[in-house]
Amino acid sequence: MNLAKWVEHAARAHPDVAATGWGKAIHRDYADMGARAARLAAGLRDNGPRGAGLAPGARVALLARNHPAYVEAMVAIWHAGLAVVPINNKLHRDEVAYILDAARVSHVLVTPDLAETVSGGRVAIDLEGAAYEALIADHDPMPVADVAPDDPAWLFYTSGTTGRPKGAILSHRNLMAMTAAYLADIAPIAPGDACLHAAPMSHGSGLYIVPHLAHAGTNVVPESGGFSPPEIVETLTAWPGTAMFAAPTMVNRLVRWEGEITETALANLKCIIYGGAPMYAEDAAAALGRLGPRLAQLYGQGESPMTITCLRREEIADRDHPDWRARLGSAGRPYFNTEVRVVDDDGRDVPTGESGEIVCRGNSVMLGYLDDPDATARTLRDGWLHTGDIGAFDASGFLILKDRSKDLIISGGTNIYPREVEEVLLTHPAVSECSVIGRPDPEWGEIVIAYIVGSATADTLDALCLDRMARFKRPKHYVHVDELPKSNYGKILKTELRALDTAREDAARGDVTRGTGTMEPVATKEMGT
Ligand code: AMP
């Protein structure tokens, strides 16, 4: 079944219910969005002079800041039997070009601010522009295209330790399994219940568009398109039954915000689902204190979108349970439709309490990576997705996430692969060696630190990074050293480097409190974001 069928159903059963909202206002109701999506779908497929001429199965990219038309465009793409490629709007132009090439995309739907980012003779259609409206106006609605359950619906680009992003192919079946998991284990959705998209719609927040389409929910974009506590509180007053995906950094900001979270806002807030990065138990407890029993946690990855384990609302709220604290520090239990195991290097289950790699199996697990059979074979083995995350089950089946075996930094809920940053730094002639690590940070979870051997200054390296990759990936500090810790084989020992970094930080903090000033000055640069 095509995911777009849900919108067709909603347009009949709940024509007047808001399908999308912008700020506190209704953007389109289901009758309107359903009709427009059916026309836009026809326009995307039409191979006459007025259409985009896309063949069934073709991929259409969405490169946009958060915008309510994101939802309509995505539905139209599925309606037409095409697959959507949502792209992180903060990526550098060259990084975007790489994804568009890899996914063989000819048409990109954009918000006006991003039109210039589309290169290579591709067609960029502005979601607010005349060409987009003409595609809708010039075409009669087409029926929802027939698709097979395994037909691709969403190409989810995730960067990798190889330094190049890989496209996880998510099918209609995958997103339906994710939807079932959400409805069963996170929260029910009634027609008109809202999903507030304050996090990027190309990623986790956008995935939650889908369950809200299934039950005629309302996908709402804050006016600013982003996250700011006062705006969230104000927007909440207009939308009952609101759910919101938030990275831990966002939850912490909301909880520490000194303004008032009004009773109306709280009454309308059904659920904040946090995940994508570790959340300290302390912070989860503080969030519970301020927001009440409205928090759930998800653990997932692009390869099994939003669906591996979850910590349910009632489990987070159950302060009287003897294991409550420990549970807050866990990633919860498997979703009802997902099998999760913790295995050793030979793929055998490890005993309860012992660490191993987390693997999972279920209908939400991707079909594979686009055009990358080697990476697919490494990641999907005997039907199990190897997550690259290390964890352990406790006696009651709650999963504790320990570490990542993949070299990955998660800063503010966003993944940054050190290898990508290292490759850029190493192009500087005055960098002979470098190693990029994550340093624990109370606000961001982790921040990016580059250890450099060579004379290139922090300023020149910062300029190089800005020129070559997305701003958010660039190091916050550069530390110049004479050599990096290495194994006998010459491999840089990141674990040792992280320990050294912690020791340096501790010493520096000690210096500040004692005021002895014994630490060597290091070449660091505060970037801010
Ligand atoms: P992505 O594929 O970009 O969604 O990133 C997925 C990775 O984020 C996972 O493999 C984990 O390492 C991490 N992650 C996701 N959810 C959680 C969570 N609830 N707690 C800790 N780390 C998480």
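Quick note: numbers below take in every heavy atom, side chains included, and nothing from hydrogens, waters or symmetry partners. Every number for a ligand or one of its atoms is a count from 1 in the order of the listing.
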**Study point:** Plane angle bin for Tyr182 and Tyr208 - parallel if under 30°, tilted between 30 and 60°, otherwise perpendicular
**Key:**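 Judged by the thresholds at 30° and 60°, the geometry between Tyr208 and Tyr182 is perpendicular.
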Practice item. Please state which part of Leu298 comes within less than 4.0 Å of ligand 1, counting heavy atoms only: side chain, backbone, both or neither. Key: backbone
Exercise for review: Would you kindly specify which portion of Met279 sits under 4.0 Å from ligand 1, judged on non-hydrogen atoms: side chain, backbone, both or neither?
Suggested key: neither
**Study point:** Lys270 charged N/C atom sitting above Trp239 aromatic ring, 6.0 Å / 45°
**Key:** no
Point to revise | Cation-pi, Trp444 ring and Arg253 (6.0 angstrom, 45 degrees) | key: yes
Test your reading of the structure: does [X] have an N or O sitting under 3.5 Å from an N or O of ligand 1?
{"X": "Gln301", "result": "yes"}
{"X": "Ala331", "result": "no"}
{"X": "Gln297", "result": "yes"}
{"X": "Gly275", "result": "no"}
{"X": "His203", "result": "yes"}

Ligand 1 atoms in contact with [X] (distance to a heavy atom under 4.0 Å):
{"X": "Gly302", "answer": "1 (P), 2 (O), 4 (O)"}
{"X": "Ile410", "answer": "8 (O), 13 (C)"}
{"X": "Leu401", "answer": "18 (C), 20 (N), 21 (C), 22 (N)"}

**Study point:** Note: Glu422-Lys494 ion pair, threshold 4.0 Å (strictly below)
**Key:**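 Salt bridge between Glu422 and Lys494, a charged N being under 4.0 Å from a carboxylate O: yes.
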Practice item. Taking only Lys NZ, Arg NE, NH1 and NH2, and the carboxylate oxygens of Asp or Glu, determine whether Arg93 and Glu116 approach each other closer than 4.0 Å. Key: no
Study note, to complete from the structure: Checking heavy-atom distances from atom 7 (C) of ligand 1 to each of Gly300, Ala277, Pro248, the winner is Gly300
Check your understanding: Ignoring hydrogens and geometry, is there a side-chain-to-backbone donor-acceptor pair from Asn66 to Ala199 under 3.5 Å?
Key ->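 Judged by distance alone, yes, a pair lies under 3.5 Å.
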**Study point:** Donor-acceptor contact below 3.5 Å, side chain Glu95 vs main chain Met469
**Key:** no
Point to revise | Worked check of side-chain hydrogen bond (donor to acceptor under 3.5 Å, both in side chains) between Asn219 and His197 | key: CA-CA 7 Å; Asn219 283 293; His197 297 283; 2.8 Å; yes
